[in-house]
Amino acid sequence: MRRLGDSVDWSRERFTMDDGLSRAVQTIFKRLYDDDLIYRADRIINWCPRCLTALSDIEVDHSDDEGELVYIRYGDGEHSVVVATTRAETMLGDTAVAVHPDDDRYQHLVGTTVELPLTSRSIPVVADEHVDPSFGTGAVKVTPAHDPNDFEIGRRHDLPGLSIMDERGVITAPGPFQGLDRFEARPAVVAALREEGRIVKEVRPYVHAVGHCSRCGTTVEPRQSLQWFVRVAPLARAAGDAVRDGRVRLSPPEMNARYFGWVDDMHDWCISRQLWWGHRIPVFYGPNGQVRCIGPDETPPQGWTQDPDVLDTWFSSALWPFSTLGWPDDTADLRAFYPTSVLVTGYDILFFWVARMMMFGLYAMRDRKPADAVPFRAVALHGLVRDAYGKKMSKSRGNTVDPLDWIDRFGADATRFTLARGSNPGSDTAISEDWAAGSRNFCNKLWNATRFALLNGAVLAPGGRPPGDPPHGGLRAPHASLATADRWILSRLSSVIAEVDRLLEQYEFGKACEALYHFAWDEFCDWYVELAKVPLSSGDARAAGTTRRVLGFVLDQMLRLLHPVMPFVTDELWCALTGEDSVMVAAWPAYEFSDPAAEADVASLMRLVTELRRFRSDQGLRPGQRVPARLAGIGSTPLSAHEESIRALLRLVPPGDGFAVSAALAVEGVTVELDLAGTVDVEAERKRLEKDLAAARREAEQASAKLGSVSFTQKAPSEVVAKTRQRLAVAEADVARLEGRLASLA
RNA sequence: GGGCGCAUAGCUCAGCGGUAGAGCACUCGCCUUACAAGCGAGGGGUCACAAGUUCGAACCUUGUUGCGCCCA
């Protein structure tokens with residue numbers, strides 16, 4: 001972060017295990033406990049037999065794995081039922097068989113008992129609506145101590161839970177399987193059942209979803225145990241409401257659906273972990289079975305013992321927006337900075353972290369007015385960084401990027417700009433060395449542009465004021481001494497400032513970068529700088545002076561705009577340009593100026609120049625070769641003031657003695673007559689004209705087809721119709737001109 | 001199994017009712033005095049498929065196919 005130039009207040013670095021944060025954890029735990037929002041209960045939880053700890057729902061990763069589906073017959077003859085299972089060993093803990101109440105196949109069994117194989121037990125058959133009659137045989141084994149759904153069925157039917165496995169996944173049920181690991185017990189149980197002729201069918205491999213510990217990958221084992229929970233219903237509702245009523249804005253808004261889907265249907269949060277690392281649960285047990293939650297300023301009675309479990313790390317992380325500001329004390333920081341303005345984070349932890357910060361923030365600050373209780377007013381969710389082909393980066397794939405390596409090779413600015421440029425809200429970012437190289441090239445471009453400006457005496461008005469007058473306040477109307485090109489670039493600058501402002505406001509960093517990139521490279525460097533060379537070398541001191549001021553001003557503003565995404569180069573260049581201390585403390589651009597006429601004129605100039613360049617290129621003329629030319633009719637066009645610029649950009653020299661027109665092009669109302677010393681490549685020119693003619697004809701056809709439709713002219717908005725008419729007129733004129741030119745070539 | 005999203009140029013992505021765009025890659029020509037990590041020009045797309053709505057659809061609706069993500 002430091003090397004990327006992140007401007008953060010390092011003095012506020014915090015760790016969730018710091019004293020202050022621990023105090024916040026204890027405080028909120030006690031409040032929740034006293035409000036009956038934290039409870040301890042015997043529940044089925046996700047258990048990792050390797051980490052030996054409970055896991056919350058979101059710490060379990062599901063994947064489709066190959067397993068087996070085994071059909072087992074319970075009971076005999078009339079009194080038998082076949083159940084299907086992927087975890088055969090759990091049958092040792094079955095305490096019922098369940099069927100759907102409307103399932104005719106099993107009506108006669110409901111209320112009776114069947115014999116459970118391999119044990120000497122008989123278990124009841126119960127009817128439960130949650131059984132899916134279409135899955136397997138429609139009858140399911142019920143293992144309340146080892147399956148969450150079965151646990152619920154057990155609760156509804158008052159079935160006992162029979163625990164047959166210890167915390168390491170080793171069978172504890174007395175008998176031949178005792179002491180076997182769950183994965184050893186599974187085939188052993190199946191073999192024993194087969195021996196007894198109870199296996200009806202075996203499907204192998206059977207692909208089904210299996211939960212894995214997100215920390216170590218071990219297959220999760222549902223386990224009934226005593227754990228601590230947060231009763232989330234009221235907290236989650238408040239967290240959902242804050243987004244629903246607009247107090248917190250998610251960006252992009254498409255994330256709302258996901259967020260609501262989560263908070264509106266959240267299971268109670270299992271917060272106890274059987275790990276040695278973390279905040280310990282502040283609950284103490286007395287010698288006579290007393291239980292008491294101890295607050296941060298209390299001391300537990302002598303001889304009491306603390307609960308051995310620790311809290312889920314997301315519990316303390318959920319307090320981050322206020323625990324870092326000194327809460328529970330009413331500190332100046334808390335008053336000044338809570339609610340925070342915007343949380344920038346990846347969408348992958350919207351649930352882990354964002355939803356929980358919302359719940360705890362709203363709960364902890366519930367004494368404030370609702371608008372100020374939220375932990376942040378906006379959440380800007382960005383995507384994940386992926387490789388050049390959009391694939392997830394992973395060590396095993398070997399497609400990871402070390403940012404420090406890129407910083408060494410391409411520079412911090414290029415690395416940072418690449419990341420910012422690829423950032424579109426809510427979607428992932430593909431990055432590659434090609435992009436980083438492109439960003440580095442852009443840094444070089446800025447460097448060279450600034451070099452050019454300084455070499456040519458670019459200057460800034462005192463205080464970085466814009467060129468032209470009046471010098472202060474309001475919409476500035478540049479002085480009449482400004483050239484069209486100057487007014488054009490200033491007008492464009494103003495538009496870009498407004499656009500970048502708008503985009504940054506919406507966290508559209510990629511689009512903001514793109515806008516700046518094109519302005520800086522295509523408009524400023526490729527056109528303005530080239531146009532500026534004319535007055536700078538003209539010997540007209542006044543014109544040169546104006547150009548120097550505009551050059552300086554635009555560069556100054558541009559570097560300020562680029563500074564957030566390219567901090568180092570822009571600071572270096574800006575200081576060199578302005579002689580000030582740092583662009584970091586310079587004001588954000590707010591320049592406003594609009595000159596549509598200048599924009600139109602320069603657009604016309606660009607079209608003319610581009611067309612002539614195309615001609616030169618097609619004719620195989622070297623870029624540096626000077627060609628005598630006459631710009632006939634330019635006097636009556638808006639380009640009349642720009643003949644010198646046009647000549648400079650196109651290397652056209654005035655016609656001398658013996659000037660002989662060998663080619664003439666009509667563009668933008670000007671007929672450019674060129675003397676190519678008689679060496680016109682007729683074939684190339686014919687090809688060029690034929691291509692243009694085909695395009696013009698296609699254009700004319702499209703437009704006239706539209707206009708020929710009565711429903712179009714009647715129903716389409718009049719401005720669209722007018723525009724189409726104009727398109728047709730232009731296209732037809734082009735067709736006529738090109739046909740004429742082609743005829744004259746023959 | 002449920003929900004959400006995406007299919008646009010070789011690659012990565014913008015555009016989201018009115019003439020298909022960018023960066024990179026590619027082709028050609030250039031040491032044109034800020035920049036060869038550059039300059040100029042160019043080629044390349046029935047906007048996944050099929051119906052529908054509309055004067056008009058890459059864009060709206062429905063379905064199909066293929067991918068991705070989240071949750072069971």
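Throughout, a chain's letter reflects where its sequence line sits, starting with A, and its residues are numbered from 1. These numbers were taken from a predicted model, which means no experiment stands behind them.
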Tell me the interatomic distance from A:Q619, atom CD, to B:A41, atom P, rounded to whole angstroms.
16 Å
Quick one, A:L551 and A:F452 - any side-chain contact, counting heavy atoms below 4.5 Å?
yes
Nearest-neighbour nucleotide for the A:K715 side chain, B:G23, B:C55, B:A34 considered:
B:C55
Of A:S711 and A:D428, the one whose closest RNA chain B nucleotide lies more 5'
A:D428
Could you give the CD-to-P distance, from A:E719 to B:G18, as a whole number of Å?
12 Å
P atoms of B:G52 and B:C67, separation to the nearest Å:
28 Å
For A:D526, answer base if it contacts any base atom (sugar-phosphate contacts may also be present), sugar-phosphate if it contacts only those atoms, and nothing otherwise; contact means non-hydrogen atoms under 4.0 Å.
sugar-phosphate
Quick one: does any side-chain atom of A:S617 pair with a main-chain N or O of A:R614 as donor and acceptor, under 3.5 Å?
no
Which nucleotide in the list B:C70, B:G38, B:A34 gets nearest to the side chain of A:N441?
B:G38
I'd like to check A:L350 versus A:L381 (side-chain heavy atoms, cut-off strictly below 4.5 Å). Are they in contact?
yes
If you check every side-chain atom of A:N444, which of B:A22, B:A37, B:G18 has the closest atom?
B:A37
Regarding A:R451, tell me which of base, sugar-phosphate or nothing describes its non-hydrogen contacts under 4.0 Å with the strands shown.
sugar-phosphate
Closer than 3.5 angstrom, by distance alone: can the side chain of A:T400 be matched with the main-chain N or O of A:M393 as a donor-acceptor pair?
no
Does any nucleotide pair with B:A7 by Watson-Crick or G-U wobble geometry, both distances under 3.5 Å, and what is it?
B:U65
When you measure from the side-chain N and O atoms of A:W521 to the phosphate of B:C39, is any distance below 4.0 Å, counting only OP1 and OP2?
yes
Counting any heavy atom closer than 4.0 Å, what does A:Y347 reach on the DNA or RNA strands: base, sugar-phosphate only, or nothing?
nothing
In whole angstroms, how far is the P atom of B:U19 from the NZ atom of A:K723?
6 Å
Heavy atoms only, 4.0 Å cut-off, all strands: where does A:T610 land among base, sugar-phosphate and nothing?
sugar-phosphate
For the C1' atoms, the ones on B:G3 and on B:G42, what distance do you get once it is rounded to whole angstrom?
47 Å
Quick check for you: among B:C55, B:A34, B:C24, whose closest atom lies nearest to any side-chain atom of A:S709?
B:C55
Counting any heavy atom closer than 4.0 Å, what does A:A716 reach on the DNA or RNA strands: base, sugar-phosphate only, or nothing?
base
Check: A:R616 side chain, A:R622 main-chain N or O, donor-acceptor pair, under 3.5 Å
yes
Should A:K533 be listed as having a side-chain N or O under 4.0 Å from OP1 or OP2 of B:A34?
yes
Under 4.0 Å between any heavy atoms, over every strand shown, what does A:C443 touch: base, sugar-phosphate, or nothing? Just pick one.
nothing
In whole Å, measure the gap between the P atoms of B:A9 and B:G63 for me.
25 Å
With rounding to whole Å, what would you report as the distance between B:A7 and B:U32 at their P atoms?
44 Å
Taking only the side-chain heavy atoms of A:E530 (C-beta and beyond), determine which of B:C55, B:A14, B:C35 contains the nearest atom.
B:C35
Remember a base hit wins even if backbone is also touched, and classify A:S427 as base, sugar-phosphate or nothing at under 4.0 Å, heavy atoms.
sugar-phosphate
For the side chain of A:R421, counting heavy atoms from C-beta on, which of B:G18, B:G23, B:C35 is nearest?
B:G23
NZ/NE/NH1/NH2 to OD/OE distance under 4.0 Å, A:R688 and A:E611:
yes
Give A:V710 one of three labels, base, sugar-phosphate or nothing, depending on what nucleic acid heavy atoms sit under 4.0 Å from its own.
nothing
Would you call A:D264 and A:R244 a salt bridge, using N to O less than 4.0 angstrom?
yes
Contact under 4.0 Å: A:K511 side-chain N or O vs B:G15 OP1/OP2
yes
Classify A:W435 by what it touches in the nucleic acid, base, sugar-phosphate, or nothing, heavy-atom distance under 4.0 Å.
base
Give A:Q625 one of three labels, base, sugar-phosphate or nothing, depending on what nucleic acid heavy atoms sit under 4.0 Å from its own.
nothing
Does A:E701 reach a base, just sugar-phosphate, or nothing at all? Heavy atoms under 4.0 Å.
nothing
Mind checking who B:G42 pairs with, Watson-Crick or G-U wobble, both distances under 3.5 Å?
B:C26
Looking at B:C30, B:G42, B:C55, which one has an atom nearest to any side-chain atom of A:P623?
B:C30
Counting the atoms with a prime plus P, OP1 and OP2 as sugar-phosphate, which does A:R616 contact under 4.0 Å by heavy atoms, base, sugar-phosphate, or nothing?
nothing
Rounded to whole Å, NZ of A:K706 lies from P of B:C55 at a distance of 13 Å
What's the CG-P distance between A:D618 and B:G42, to the nearest Å?
8 Å
Using atom P of each nucleotide, how far apart are B:G18 and B:A57 to the nearest Å?
12 Å
For the pair made of CG in A:N46 and C1' in B:A72, what is the distance, rounded to whole Å?
12 Å
So what does A:K691 hit on the nucleic acid, given a heavy-atom distance under 4.0 Å: a base, only sugar-phosphate, or nothing?
sugar-phosphate
Across all strands, who's sitting opposite B:C55 as a Watson-Crick or G-U wobble pair, both distances under 3.5 Å?
B:G18
C1'-based separation of B:G43 from B:A58 [nearest Å]:
22 Å
Ranking B:A34, B:G23, B:G42 by distance to the side chain of A:R614, first place goes to B:G42
Rounded to whole Å, how long is the line connecting atom CG of A:L350 with atom C1' of B:C70?
11 Å
Can you check the A:E499 CD to B:G15 P distance for me, whole Å?
13 Å
Axial cation check for A:F229 ring with A:R43, 6.0 Å and 45° limits:
yes
Under 4.0 Å, heavy atoms only, any strand: does A:A449 hit a base, just the sugar-phosphate, or nothing?
base
Please state the C1' separation for the pair B:U61 and B:G17 - nearest whole angstrom.
14 Å
Residue whose closest nucleotide on RNA chain B lies nearer the 5' end, A:W262 versus A:F442:
A:F442
Please test A:K706 against A:S704 for side chain to side chain donor-acceptor pair (under 3.5 Å), starting from the C-alpha separation and ending with a verdict.
CA-CA 5 Å; A:K706 274 197 163 186; A:S704 72; over 6 Å; no
If you check the A:H518 side chain, which of B:A22, B:A37, B:A41 turns out closest?
B:A22
Starting the side chain at C-beta, find the nucleotide from B:C24, B:C13, B:A37 nearest to A:Y517.
B:C24
B:G38 to B:C31 separation - C1' atoms, rounded to the nearest Å:
10 Å
I'd like a table of donor-acceptor pairs (distance under 3.5 Å, sequence neighbours excluded) in which one partner is a side-chain atom from residues 517-525 of chain A, with atom names and distances.
| from | atom 1 | to | atom 2 | distance (Å) |
| --- | --- | --- | --- | --- |
| A:H518 | ND1 | A:E514 | O | 3.2 |
| A:E523 | OE1 | A:R492 | NE | 3.1 |
| A:E523 | OE1 | A:R492 | NH2 | 2.9 |
| A:E523 | OE2 | A:R492 | NE | 2.9 |

